[in-house]
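Take a look at the structure set out below.
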Amino acid sequence: MNLFNDIRALVVDCLGAMAAEGTLPAGLDTANVTVEPPRDAAHGDMATNAAMVLAKPAGMKPRDIAEALAAKLATDPRVAGAEVAGPGFLNLRLVPTAWQGVVGAALAQGKDFGRASIGAGVKVNVEFVSANPTGPMHVGHTRGAVVGDALASLLDFAGYDVTREYYINDGGAQVDVLARSAFERYREAHGLSPEIAEGLYPGDYLIPVGEALKAKYGDRFLNAPEAEWLPLFREFSTEAMMAMIRDDLAALNVTMDLYSSEKALYGTGKIEAAIDTLRSKGLIYEGVLEPPKGKTPEDWEPREQTLFKSTEHGDDVDRPVKKSDGGWTYFAPDIAYHYDKVQRGFDLLIDIFGADHGGYVKRMKAAVSALSEGRVPLDIKLIQLVKLFKNGEPFKMSKRAGTFVTLRDVVEMVGADVTRFVMLTRKNDAPLDFDFDKVLEQSRDNPVWYVQYAHARVASVLRKAQAAGVDTSDAALAGLDLSSLSDPAELALIRKLADWPRQVEIAARAHEPHRVAGYLTEIAADLHGHWNKGNDTPELRFVQDDLATMATKIALARAVGVVISAGLAILGVTPVEEMR
RNA sequence: GCACCCAUAGCUCAGCUGGAUAGAGCGUUGCCCUCCGAAGGCAAAGGUCAGAGGUUCGAAUCCUCUUGGGUGCGCCA
């Protein structure tokens, strides 16, 4: 149920009728017609730009169209008034029952209120985290994990068919480094002192891996040449790291649908097939790249390489797919992996990358564009840095990982719910400040607390109503006559509820889950504001002496609670019933 | 040198993918607080939306240039 869509449909119907009557030319494109809440509530309940959008193609004055449209709209029972304003805005006022119906719909649909269908029939793949399996997840990964997971939930709520996927970068040189690092811990487990050379991973988290290797292999590799143990140690430690990463994700309540392995692409011919597909389109050639202007690497020398003509698909320079030693560059398996996603039938691909991979965006888009013949869009969301603070001071910690703060550290300090919400309070491409004290603060300027407090207040009045003898089941509340919810303050709160389905669509279309957090903060503020009004105006309180009156007020409170918990569900945050 | 991201109130940031007089929190100032759930409430002040052009009925939003920050730039992922 989306009241704005309903009214927009009404507007489009009226425009169609006007065309049929000859008031408007036939065949006008109404795609740009919007129905939105006006910024200033004094302008009414909803405003449409229809007259202004259509004025030029219709060859008419905006006000003339608006007048005629107003007359048509006014005949609908939901419309209480329609008036032309400004350059040609049409401001609509709806009858109270139209708004009260939103409360009933929220109660009847519960957690599904606001569910949209804009993604119906669209298969989307959200690839996120994809951290190298060389250590525990740190804060940077955490933000990517939360954004990806929440975006996936949001798209699911908007009707998309969503797959959450993790691409394991287990095919490159860094897993050899991991194996060598584990070998040193393996030696350590045998009582030898490890030699953590420059470039190896120094973190303590490999100590148990070394012990496990000792338990599995005894001392047989202690003096063996690297070639004998490297493949075994690589596989063993990669699996150990992935187990740890899965645990980290579980601690954040992130569950992947699929883990795809880079290594598994080798030897299957998939990389060759992907490159051959590009070659068949004339996009692979042997050539020499120009050195970057202004900043030539010191060891630069011209070299002939196998190149992908990504410039044909919007990139700035062509990109190598093979190294000079004949091996694939990291780009090649990535191409194959994305080709695989295209072949699996996805209609939309989304990658969540760290901001330091920004330079990778164009080539990846070029590859997907080429491989899907432009059919499958690839959206890449770059995740900016998280700056940690404690008491306003920059925060550093080195517990188990050596030099960085891990996901585990954060979750243990503030909990998964707080971590997730805070990570979603900013746009993904803006830096985020995360203060361990502020996020736990009980105050107005802590959005997590503020939203949870609103939900707890709703739960509180529900308990009171139930104790007083009101049937507080959603079914009972949804069946009430809500026409007494007619105070301007109550209608304002209901308008906010009505905006929820709209916000879902906007956020889903923009692939921006942080908008949900913003909306929740707003509706929480509205609930608290309404609550405070009750202090001066007892008629507005949710708890009333008259049970029938209380039931209708409770219906409104519960509807707000339903929307808050639906929004929190998208963010992956558990709503609380009381604040303790 | 080139590419991408960013620039909005004193501070931290929203801004509905082009709409009407650009919003919120903190901070500041002034009142109120025997009130469903304390951890406050109401109100005021505060802006050349980095700058300059352009697109159009209309621009913080789109395009171009400039300034100032961040990130990246062949055989590392």
Side-chain angles (χ1 to χ4, degrees), chain A residues 32 34 36-40 43 47 49 51-53 55-56 61-62 85-89 91 130 132 134 169 171-175 262 288-297 299-303 305 307 315-320 322-331 333-334 354-362 382 384-385 425-427 429-431 433 441-447 449-450 453 456-457 459-461 464-465 499 502-503 505-507 509-510 512 514-515 518-519 521-522 525 528-529 531-538 540-544 550 553 557 578-579:
Chain A
N32 291 326
T34 60
E36 302 178 330
R39 189 169 298 173
D40 187 342
H43 290 140
N49 62 356
M52 286 180 291
V53 171
K56 185 179 272 186
K61 289 181 193 164
F89 280 102
N91 291 328
S130 297
N132 292 338
T134 56
N169 286 118
Q174 78 283 356
V175 286
E262 174 192 355
V288 179
L289 285 176
E290 295 287 316
K293 288 197 170 56
K295 185 191 162 236
T296 307
D299 58 347
W300 176 274
E301 46 185 286
R303 227 185 269 278
Q305 298 172 285
L307 300 168
D315 203 355
D316 307 303
V317 291
D318 293 339
R319 306 290 178 175
K322 271 193 178 176
K323 299 189 278 194
S324 58
D325 66 4
W328 298 114
T329 62
Y330 57 87
F331 188 34
D334 279 0
D356 56 342
H357 286 58
Y360 201 50
V361 169
K362 281 193 177 180
L382 296 179
Q384 262 294 354
L385 293 178
T425 52
R426 293 277 177 269
K427 279 190 289 241
D429 53 8
D433 289 350
E441 204 172 272
Q442 300 192 342
S443 75
R444 171 76 178 84
D445 62 330
N446 177 4
W449 175 84
Y450 199 57
Y453 186 24
R457 275 184 152 171
S460 169
V461 290
K464 287 202 180 201
D499 203 35
R502 201 175 143 264
Q503 292 295 335
E505 290 193 6
I506 289 166
R509 262 191 249 277
E512 291 183 346
H514 78 276
R515 289 177 184 277
Y519 170 81
T521 308
E522 284 177 19
H528 291 308
W531 188 287
N532 291 328
K533 278 201 184 80
N535 291 335
D536 296 330
T537 316
L540 292 180
R541 293 180 195 173
F542 295 116
V543 175
Q544 299 284 335
M550 173 149 68
K553 308 284 192 196
E578 45 191 340
M579 297 308 282

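Every value quoted in this text rests on a predicted model; they were computed, and no experiment measured them. Sequence lines set the chain letters: A, B, ... in the order given, protein chains first and strands last, and positions in each chain run from 1.
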[atom1] of [X] versus [atom2] of [N]: gap in Å, rounded?
{"X": "A/E522", "N": "B/rC13", "atom1": "CD", "atom2": "C1'", "result": "13 Å"}
{"X": "A/E505", "N": "B/rC16", "atom1": "CD", "atom2": "P", "result": "16 Å"}
{"X": "A/E512", "N": "B/rA14", "atom1": "CD", "atom2": "C1'", "result": "12 Å"}
{"X": "A/Q305", "N": "B/rG74", "atom1": "CD", "atom2": "P", "result": "10 Å"}
{"X": "A/Y450", "N": "B/rA38", "atom1": "OH", "atom2": "P", "result": "13 Å"}
{"X": "A/E441", "N": "B/rA38", "atom1": "CD", "atom2": "P", "result": "18 Å"}
{"X": "A/Y453", "N": "B/rC36", "atom1": "OH", "atom2": "C1'", "result": "10 Å"}
{"X": "A/Y519", "N": "B/rC13", "atom1": "OH", "atom2": "C1'", "result": "21 Å"}

Item to complete: Only counting residues at least two apart or in another chain, list the ones meeting side-chain hydrogen bond (donor to acceptor under 3.5 Å, both in side chains) with A/D318.
Response: A/Y285, A/T311

Practice prompt. Kindly write out the residues that satisfy side-chain hydrogen bond (donor to acceptor under 3.5 Å, both in side chains) with A/N32, not counting sequence neighbours, or none if the list is empty.
Written response: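 side-chain hydrogen bond (donor to acceptor under 3.5 Å, both in side chains) list for A/N32, sorted by chain: empty.
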
Identify each atom pair where a protein N or O and an N or O of nucleotides 55-61 of chain B are less than 3.5 Å apart, giving names and distance.
residue	atom	partner	partner atom	Å
B/rC57	OP1	A/K56	NZ	3.0

Practice prompt. Not counting sequence neighbours, which residues clear ring pair (Phe, Tyr, Trp, His ring centres under 6.0 Å) with A/F331? List them please.
Written response: A/Y360

Discussion item. Holding to ring pair (Phe, Tyr, Trp, His ring centres under 6.0 Å), I want the full list of residues that pass it with A/Y453, two or more places apart in sequence or in another chain.
Written reply: A/W449, A/H528

Worksheet item: How does each nucleotide of nucleotides 3-9 of chain B score, in 5' to 3' order, for protein heavy atoms under 4.0 Å: base (B), sugar-phosphate only (S), or none (-)?
Response: SSSS---

For [X], which residues count as a side-chain contact (heavy atoms from CB on, under 4.5 Å) partner, sequence neighbours excluded?
{"X": "A/K533", "answer": "A/A489, A/L540"}
{"X": "A/R509", "answer": "A/I118, A/E505"}
{"X": "A/R515", "answer": "A/I506, A/A507, A/A510, A/E512"}
{"X": "A/D433", "answer": "A/K387, A/F389"}

Discussion item. I want to confirm an ordering. Mapping A/A85 and A/Y330 to their closest nucleotides on RNA chain B, which one lands closer to the 5' end?
Written reply: A/A85

Integer angstrom distance from the [atom1] of [N] to that of [M]:
{"N": "B/rC65", "M": "B/rA20", "atom1": "P", "value": "28 Å"}
{"N": "B/rA9", "M": "B/rA22", "atom1": "P", "value": "14 Å"}
{"N": "B/rG51", "M": "B/rU61", "atom1": "P", "value": "10 Å"}

Discussion item. Expected output check: what is the dot-bracket annotation of RNA chain B, where ( ) and [ ] are pairs inside the strand (brackets for crossing ones), | is paired with another strand, and pairs are Watson-Crick or G-U under 3.5 Å?
Written reply: (((((.(..((((.....[...)))).(((((.......))))).....(((((..]....)))))).)))))....

Worksheet item: Taking the side chain of A/W531 as its heavy atoms from C-beta onward, which of B/rA77, B/rG74, B/rC36 lies nearest to it?
Response: B/rC36

Item to complete: Kindly point out which of B/rA20, B/rC36, B/rC16 is positioned nearest to the side chain of A/A47?
Response: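 Nearest listed nucleotide: B/rA20.
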
Item to complete: Please confirm whether any donor atom in the side chain of A/D356 sits under 3.5 Å from an acceptor in the base of B/rA77, or the reverse.
Response: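 Not at all, since no donor on one side and acceptor on the other fall under 3.5 Å apart.
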
Worksheet item: Under 4.5 Å between any side-chain heavy atoms of A/W328 and A/K322, yes or no?
Response: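 They are in side-chain contact.
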
Could you run down the sub-3.5 Å N/O contacts of the protein with nucleotides 45-48 of chain B?
none

